[in-house]
Amino acid sequence: MSLPISDLLYPKNLKQAREVQRYIRERLILDDEPPLKDTFVFGVVDVSANMYSPYAYAACTVFEYPSLKMLDWYGYSGKYVFPYIPTYLVFREGPLLYELLKDIAGDLDLIIFDGQGIIHPLRVGIATHMGFIFDTKTIGFAKKLLYGNVVDGKVIDPEDGMVLGYEVKLGKRGGPVYISPGYRISPERAVEIIKSMADGYKIPKVIRSAHIYANKLRKEGGL
DNA sequence: GCGACAG
DNA sequence: ATCTTGTCGC
């Protein structure tokens with residue numbers, strides 16, 4: 001990464017935050033090179049927090065693909081240093097996720113985030129932003145749509161008609177989820193991988209796992 | 001100005 | 001995101 005972490009994750013104001021997002025947008029990589037092997041290791045991350053507590057708990061569960069067997073899990077807790085503002089989520093959770101992943105990202109072939117990839121007004125959702133920082137393949141898995149129009153299952157960018165991601169219904173239970181590439185992966189490959197993890201639930205257990213562990217940390221861990 | 005708005 | 005048990009339904 002050319003810019004230091006301090007600039008990529010700790011902007012002093014929203015203007016600087018936008019500048020960082022525009023910087024990353026100009027350097028997006030959305031192809032599948034190098035392609036993932038038949039068998040690879042991936043992580044799922046999520047952050048758990050209490051409404052009015054400044055402390056947050058992040059967890060990363062590690063799995064083997066395609067067996068989907070859990071290999072490990074890691075946790076990290078710290079204080080939020082940025083408020084939650086739509087389109088700026090990475091500046092709130094990113095610092096914690098960076099600390100959580102900095103020592104293990106190199107061992108992960110892919111990382112799945114709870115949030116958007118390029119389904120974002122500047123195409124730099126939290127999955128894309130973190131993928132750029134670690135130069136690792138990432139996928140954004142969101143429960144709600146943040147930006148774009150859904151046409152025949154495809155999330156389209158109203159600016160130029162580009163396919164940003166897909167609206168897919170996994171399991172006949174709940175509503176759809178929104179999948180988009182984060183970094184170094186294509187929209188189609190991202191959806192293909194997520195669909196291969198479907199197990200009948202709206203949120204595949206493999207993806208839910210990180211949320212479970214993050215919550216377990218918050219309830220049991222200190223702080 | 002108004003409405004929308006990941007976690 | 002979180003507060004929360006049981007309960008209605010496939």
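Below, chains carry the letters A, B, ... as their sequence lines are ordered, and counting in each starts from 1.
The one candidate from Asp46(A), Ile179(A), Val44(A) that meets the side chain to side chain contact (heavy atoms under 4.5 Å, CB included) condition with Phe141(A) is Ile179(A).
Sorted by first and then second residue, the salt bridge (Lys or Arg N to Asp or Glu O under 4.0 Å) pairs with a member in residues 72-81 of chain A form an empty list; sequence neighbours excluded.
Residue Asn215(A) places at least one side-chain N or O closer than 4.0 Å to OP1 or OP2 of dT2(C). Considering only side-chain N and O atoms, His211(A) lies under 4.0 angstrom from the phosphate OP1 or OP2 of dA1(C). For the pair Arg123(A) and dA6(B), the criterion of a side-chain N or O lying under 4.0 Å from OP1 or OP2 is not met.
At a non-hydrogen distance threshold of 4.0 Å, Tyr84(A), Pro86(A), Thr87(A), Tyr88(A), Leu89(A), Glu93(A) from residues 82-96 of chain A come into contact with DNA chain B.
For the pair Ala142(A) and Gln116(A), the tightest heavy-atom approach, listed with the atom from each and the gap, is CB-NE2, 3.3 Å. Considering every non-hydrogen atom in both Pro121(A) and Thr87(A), the closest pair reads CG-CG2, 3.6 Å.
Rounded to whole Å, atom C1' of dA1(C) lies 7 Å from atom CE of Met51(A). Atoms NZ (Lys172(A)) and C1' (dG9(C)) sit 15 Å apart, rounded to a whole Å. The distance between atom CG of Leu122(A) and atom P of dC5(B), rounded to the nearest whole Å, is 18 Å. Across the protein-nucleic acid pair, His129(A) atom NE2 and dG7(B) atom P stand 18 Å apart, rounded to whole Å. Following rounding to the nearest Å, Ile207(A) (CD1) and dA6(B) (P) show an atom-to-atom distance of 19 Å. Spacing between atom NE2 of His120(A) and atom C1' of dA4(B) amounts to 14 Å, rounded to whole angstrom units. Atom OH of Tyr80(A) is separated from atom P of dT2(C) by 8 Å (rounded to the nearest Å). Atom CD1 of Ile119(A) and atom P of dG7(B) are 11 Å apart (whole Å).
Counting non-hydrogen atoms under 4.0 angstrom, Lys143(A) reaches the backbone sugars and phosphates but no base.
Ser196(A) places a side-chain N or O within donor-acceptor distance of the main-chain N or O of Ile193(A), the cut-off being under 3.5 Å. Side-chain atoms of Lys195(A) never come within 3.5 Å of backbone atoms of Leu170(A) as a donor-acceptor pair (strictly under, hydrogens ignored).
Nearest-nucleotide mapping onto DNA chain C: of Asn50(A) and Arg173(A), the residue sitting toward the 5' end is Asn50(A).
In summary, the aromatic rings of Phe91(A) and His129(A) are positioned with their centroids under 6.0 Å apart.
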